[in-house]
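For reference, the structure discussed in these notes is given below.
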Number of protein chains: 2
Amino acid sequence: MDARKRQVLEALIDDYIATAEPVGSRTLAKKYRLGVSPATIRNEMADLEDLGFLEQPHTSAGRVPSDKGYRYYVDEIMRPVVLDLAERQRIRQAYQARVRELHWFIHQTARLVSELTLYPSLVVAPPVEQAALIDLSFVSLGQDTVLMVLKTSTGMVENQTLLVPEEFDSDKLRSLAEDFTQEFRGVAIHELKNRILDPLQGDVKRYPELWQLALKWVTGHDGDEDKVSLAGPLNILNYPEFRDVEKVRRVLGFLEKETAVELASRHYAEGVQVVIGAESSLDDIQDCSLVTATYRVGGNVVGHLMVLGPRRMHYNRVMSIVEAVSDELSRVLHG
Amino acid sequence: MDARKRQVLEALIDDYIATAEPVGSRTLAKKYRLGVSPATIRNEMADLEDLGFLEQPHTSAGRVPSDKGYRYYVDEIMRPVVLDLAERQRIRQAYQARVRELHWFIHQTARLVSELTLYPSLVVAPPVEQAALIDLSFVSLGQDTVLMVLKTSTGMVENQTLLVPEEFDSDKLRSLAEDFTQEFRGVAIHELKNRILDPLQGDVKRYPELWQLALKWVTGHDGDEDKVSLAGPLNILNYPEFRDVEKVRRVLGFLEKETAVELASRHYAEGVQVVIGAESSLDDIQDCSLVTATYRVGGNVVGHLMVLGPRRMHYNRVMSIVEAVSDELSRVLHG
DNA sequence: GTTTAGCACTCTCTGAGCATGAGTGCTAAG
DNA sequence: CTTAGCACTCATGCTCAGAGAGTGCTAAAC
């Protein structure tokens, strides 16, 4: 794999990313200053195909990068791109708002990323389960309804409306909340459920009403409510590889399914990750690549961010954007 | 417009809705018991075309209903369909849950309708602006953050996180909330804004801290946050008229835009409304029909519900579903 | 030994020409 | 008024040939 092969591979992938058309030797020689004739390039291309970096749709077409080719491009060739000033400013200013609910951040981030990259983007909130309880309050909503406000170590606020069997007056609610906070501050939410529900611990006897409330919450809590935000799904329609409605259905269907969320969350490694085509071994997105990143909230609890596009994605641009946004988000969520 | 013409029109539209193919006289004679020969049907079809109810894609194709044809079908011919037991039960049980946030109802409704109809569905919440204040509480989230919980006459709860300049202790917050509720109970939200912001009214002087908070809210309140839910957009891909990616883009783009929300909300008339093709005079959905319905919350504050599909929509089925769901939703939201 | 010009070859794509078939409108007979 | 018969129209699908893009190979040039 000498320098010229890398040059040819780079030029070819750049061109294919730009045009979505198989690239021939003549095109390459004309558009890029490689200093050699088409015939030489043809030889190099044949070698690159033998090495598995390129593929030929059919005998008389140009070459197209293979998954392996993209992988080499991403890992070894590609230079990181510097975002221009306007984009950096846009990212800096994206989170200047008064509100602070988690779902707003999630939503805003997804929108920002999809608008900058021109690909669909999915943002997954850090799982509440793993966060620790900081503070709990109840607000009576009259009759038999109580709003539970839960502040967790993710710095975010979870609201949940509960039905309670009897009417609690606001003093009673306040003292319940205080007791509860006192007792369980710092305990992880999932652990909290066990603690409250476990009859062997003394808590049940000491807080019968709490037990009632908590039980309602545990059973009524359907994990994924607000925790995911998808933005710009229609961006996918701009790319010619998705002319076919079947493909659109598969890809957008994938983004709406649980699978996408799981996939985004599976990449535990911090920082920016790239998955190219068949590397994901998921049928629905064989023709797609995805770029994921993690972000931190306060300590080490992490959320995930994902961009999905055609295999000929603008990897360097997307990676830069995703990195900048996740950094900014982590920064903003640190307080 | 005699009885037989209506029969022919009905059969033709039924067939076209089922197949999406232009319908010929022979098909009609064979599949539907009209008791006459293709030739007779041809004559009737020619008449129906003269009357503007049918159109011919080209000379040697069958006929296709025009907007006017669908309109006549919907208004005069079509018989309401009775939903089967399973569907009725599904609708009845859709809202049995412990949670009570408005956005949950919106979301749930959109999903329910799109799953039953197999078309995309959009649900718009009643505008908070027009609801009256019932009750307000503040919950300190520590530092400079306060959660404002607003109970309105829509029976729903709005949460909003506010940044406040100074730290309020919980007693202070409670008394503020009590004063506020006392003063403004029953006032409409939009009126509330005026009342608080108008320096001519005495309120500003009496509640300087409140004024601060309220100002934050008024400026930070970005209307449409949670108020709309779109479900099942990909259903549109199942219909052959949307084989073309361009059309998909236009229709799904429409559903993501403000226009869709405005359109849904424009139909003030209560009950189920149908808009067929060009009747909407919106370029993006010339090939679509939509069925809208309103629902009530408590008194007369209304939200909107919309189903969008190809012009050859299953009007009677969709209308029945939309009616049943909006009734059920109104019923559930009455308490 | 590497590079390149030349050339035959392969394969897709496009458009023309043609047959097919569905469906119509018209006419005349029932 | 209905219907059988028939000529006519037009989209669709098929084949086939030509064009064009691109390759691989060979042999000459550097």
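Throughout, protein chains are lettered first and strands after them, A, B, ... in sequence-line order, and every chain is numbered starting at 1. It should be emphasised that the depicted structure is a prediction, and the values quoted were computed from it without experimental measurement.
To the nearest angstrom, C1' of D:dT12 lies 9 Å from NE2 of B:H58. When the C1' atom of D:dC10 is taken as reference, atom CD of B:Q56 falls 11 Å away, rounded to whole Å. When the P atom of C:dT2 is taken as reference, atom CZ of A:R42 falls 18 Å away, rounded to whole Å. In this structure, B:I41 atom CD1 and C:dC26 atom C1' are separated by 18 Å, rounded to whole Å. Straight-line distance from the CZ atom of A:R63 to the C1' atom of C:dC11: 14 Å, rounded to whole Å. B:M45 has its CE atom 8 Å from the P atom of C:dG25, to the nearest Å. Whole-Å rounding puts the B:E55 CD to C:dT24 C1' distance at 17 Å. D:dC6 atom P lies 16 Å from atom CZ of B:R26, rounded to whole Å.
No side-chain N or O of B:D14 forms a donor-acceptor pair with one of B:Y32 less than 3.5 Å apart.
Ionic pairing of A:E241 and A:R311 is not present here: no N-O contact between side-chain nitrogen and carboxylate oxygen is shorter than 4.0 angstrom. Using a 4.0 Å cut-off between a side-chain N of Lys or Arg and a carboxylate O of Asp or Glu, B:E279 and B:R71 qualify as a salt bridge.
Sorted by first and then second residue, the side chain to side chain donor-acceptor pair (under 3.5 Å) pairs with a member in residues 16-27 of chain A read A:S25-A:R42; sequence neighbours excluded.
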Mind listing the N/O atom pairs, protein and nucleotides 1-3 of chain D, below 3.5 Å?
unit_1 : atom_1 : unit_2 : atom_2 : d
D:dT2  : OP1    : B:R4   : NH1    : 2.8
D:dT2  : OP2    : B:R4   : NH2    : 3.2
D:dT3  : OP2    : B:S37  : N      : 3.0
D:dT3  : OP2    : B:S37  : OG     : 3.4
D:dT3  : OP2    : B:T40  : OG1    : 2.5
D:dT3  : O5'    : B:S37  : OG     : 3.4

Under-3.5 Å N/O pairs linking protein and nucleotides 17-21 of chain D:
none

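In this structure, A:Y239 has its ring center closer than 6.0 angstrom to the ring center of A:Y119.
The minimum heavy-atom distance linking B:I276 with B:S289 is given by the pair CA-OG, 3.4 Å. Residues B:A293 and B:V322 approach most closely at CB-CG1, 3.1 Å, considering heavy atoms.
Residue A:R243 qualifies as open at atom CZ: its count of foreign heavy atoms under 6.0 Å is 12 or below.
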Handout entry: Criterion side chain to side chain contact (heavy atoms under 4.5 Å, CB included) on A:V291 and A:T117, from CA distance to verdict
Key = CA-CA 11 Å; A:V291 176; A:T117 61; over 6 Å; no

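For the pair B:T59 and D:dC10, the criterion of a side-chain N or O lying under 4.0 Å from OP1 or OP2 is met.
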